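Working notes, structure below.
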Amino acid sequence: MAITLCCLPGLDVAWAQDTTAKVANEFSSLLTRLAAITSQQDSLSALADSASGGERQLRHEQIWERQQQAETILLALSDNLRRQESMGRDLSGPRRIVNDLMARGWSRYQALLGSVAVDYDTLRRKRDAASGVERLAIESRMSDLSDRQSVHYRSLVNALLAMDRAGVAVAEPRKAIIARLTSVADLLVTRLRVIERERATVAAQVARASSNQDLRNELSALEERKDRTVDNLALAIELLDRFGVETSGLKVSLITATGRVTADVFNFKVIGGLLTHARKQGLDLLAVHAPRWLFRGLIVVLILAGFKLLASLVQAGVRRAVKKARLSHLLQDTLVAGSAHLVLIIGIIVALAQLGVQLGALVAGLGIAGFVIGFAMQNTLSNFAAGGMILVERPYDIGDEIEAGGATGTVKAMSLVATTILTADNQTLIVPNSKIWGDVIRNITAQSTRRVDLTFSVSYVDDLDKAEQVLTEILATNDKVLKTPQPVVRLHQLADGGVNFIVRPWAQKEHYWTVYWEITRAVKLRFDQEGISIPAARRDLYLHTIPAKDPT
């Protein structure tokens, strides 16, 4: 269809002329509507100036509605001018007309903004004088007025930028609106700081008197005021950005006041501003609080040092006291260390109180944390319980050689959780106390003396009396063998390989292995001298031969 129409002579020219006429008629229609709206605004402004109270508010509402319609028409005019320009029309006349409209309309718009500012100031004074529910109602009206003003600011900026793109001269309104937005933004930054200080003060009062409804209403009103101020500041920054104005300082103020991280933090100027603000704030904080902090820090250091000295004194006193009591080394070490730790914990609590820490909340928090940790560490708590039982019952002490929990060796250290055992081949074993207490504990060196159990064999052909006499002499000549209890040498067993004698000398526990090795060596040497044979293990092997069968 499009190809057919284009091929008809003269049709494309007629269609273009008809389109141009429609665009021109639309331009004239928009101008007529804009003139009618501005005339209505003038009439309503005159009525609003002579009115008061609710009627004045109603007239201003009607003026704002007309202003929104006018801004919509300005956008349409901008679009119409660009379309006419694309058709190659001379726009000097239409642009001149729009320029005159903008010049007259701008003064009208400034007057409108002035009236809104007056209404806002009136509401602010009423709010400051009101309280309770009435104050919240006024805050709500102020919020509505602020929202309406924000909408029209955005519409105005849209219209100005659209007119600028259409070639209409908007330098004066542009300069004026930039100056106004900059002034408003600076005022909002200051107001935001004041509101934040007031909010912090009221919040502290509410914390002390949470049942005071007036304070709670005041806090709610301040929260709403802060949110409204933040929204207005964000809008002002957005509109200034659209005009190409530098707003990094305002963005820094907005981020620092609200704590909200936005995409602006990726701007190097904003990052630099945030760092500068943080440095300045840190220096100011140090200038104000550093002397008090230093004094408190000095007090805390002195408290901790004093309690550390007191812990050393208490530890020395407890050590002297437990030495006089018949307590195990393990229990002595635990009491000495525990007394010092208890004094240090008290010192830490006193130091925290000097720093302003609420001890009641701290104790409650520690109680809850202790319950959670205890539930999660049941095995560890069982080790604590077992360690306490070992300390009380004293089945072994440091330096004892024990066999417990599947480990054998010398006890080197012990805590409430585990026992450290050093094996004979110098391996360190950490055995949980619950495993030791829940099994048989064999204390090898608990007694001062030990019996050395030895077994020696002689052949059946040897003189048994002589062998027994030699064994008795060997025990008698060893100075580490105790006379009491008396050593025992007895014929014990007629075994397959020979006759077994048991030899049972007694020795001090520290000489156990020395006696064991010396007796064993002496028996071998004396048996060789006396011609007594030690039978070796023997196994008889009998072979039976089966004659081969005759294959025939």
Side-chain angles (χ1 to χ4, degrees), residues 323-333 390 393-414 419-427 429 436 439-460 462-495 497-535:
K323 281 184 178 179
K324 297 178 181 179
R326 300 183 62 183
L327 301 176
S328 66
H329 291 294
L330 290 176
L331 186 55
Q332 290 180 19
D333 293 343
I390 292 173
E393 297 296 333
R394 297 186 297 173
Y396 56 84
D397 203 347
I398 293 176
D400 286 349
E401 185 178 350
I402 67 171
E403 181 179 327
T408 301
T410 303
V411 178
K412 287 299 181 182
M414 179 191 169
T419 298
T420 302
I421 296 177
L422 186 66
T423 63
D425 57 350
N426 208 31
Q427 296 184 42
L429 305 179
I436 292 177
D439 203 349
V440 175
I441 301 174
R442 182 184 176 193
N443 194 329
I444 300 173
T445 57
Q447 304 301 322
S448 60
T449 60
R450 290 184 63 185
R451 191 183 71 182
V452 183
D453 292 349
L454 298 168
T455 301
F456 298 102
S457 297
V458 298
S459 66
Y460 278 96
D462 290 323
D463 186 348
L464 297 182
D465 292 335
K466 183 179 180 180
E468 183 175 350
Q469 181 184 358
V470 169
L471 292 173
T472 302
E473 291 176 357
I474 291 173
L475 297 180
T477 58
N478 193 304
D479 58 350
K480 293 183 178 61
V481 175
L482 299 178
K483 306 304 179 182
T484 304
Q486 188 176 0
V488 174
V489 178
R490 296 288 185 272
L491 178 62
H492 178 63
Q493 187 179 23
L494 301 177
V499 179
N500 293 337
F501 284 90
I502 58 170
V503 179
R504 299 288 187 264
W506 289 81
Q508 297 291 334
K509 61 181 180 181
E510 61 269 18
H511 297 153
Y512 175 86
W513 288 108
T514 303
V515 171
Y516 188 101
W517 294 323
E518 287 182 355
I519 296 299
T520 303
R521 176 181 176 83
V523 168
K524 175 64 171 71
L525 295 177
R526 283 292 303 277
F527 276 12
D528 290 345
Q529 292 175 5
E530 300 294 338
I532 300 172
S533 60
I534 299 175

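Starting from 1, each residue takes its place in the sequence as its number. On a predicted model such as this, the values are computed, not experimentally measured, just so you know. For the numbers below, each heavy atom of this structure counts, side chains included, while hydrogens, waters and symmetry mates do not.
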Side-chain donor/acceptor of D462 to backbone N/O of S533, under 3.5 Å: yes

Lys/Arg N to Asp/Glu carboxylate O, D528 vs K524, below 4.0 Å: yes

Check: T445 side chain, E401 main-chain N or O, donor-acceptor pair, under 3.5 Å: yes

Check: P505 main-chain N/O paired with R451 side-chain donor or acceptor under 3.5 Å: no

From CZ (F456) to CG (L471), nearest 0.5 Å: 7.0 Å

Separation between CG of L482 and NE2 of H511, rounded to the nearest 0.5 Å: 9.5 Å

Any donor-acceptor pair under 3.5 Å from D439 side chain to I436 backbone: no

Donor-acceptor contact present, side-chain K466 to main-chain E530, <3.5 Å: yes

Nearest-0.5 Å distance that lies between atom CD1 in I474 and atom CG in N478: 9.5 Å

Gap between atom CG of D453 and atom OH of Y516 - 0.5 Å precision: 9.0 Å

Check: N443 side chain, P395 main-chain N or O, donor-acceptor pair, under 3.5 Å: yes

OG1 on T410 to OH on Y396, rounded to 0.5 Å: 13.0 Å

Donor-acceptor contact below 3.5 Å, side chain D463 vs main chain D465: yes

K509 atom NZ: more than 12 heavy-atom contacts under 6.0 Å: yes

Minimum heavy-atom distance between F527 and A467, given as atom pair plus value: CE1-O, 4.5 Å

Atom pair NZ/CG of K412 and D400 - distance to nearest 0.5 Å: 11.0 Å

Test side-chain hydrogen bond (donor to acceptor under 3.5 Å, both in side chains) applied to N500 and S457, step by step: CA-CA 4 Å; N500 293 337; S457 297; 2.3 Å; yes

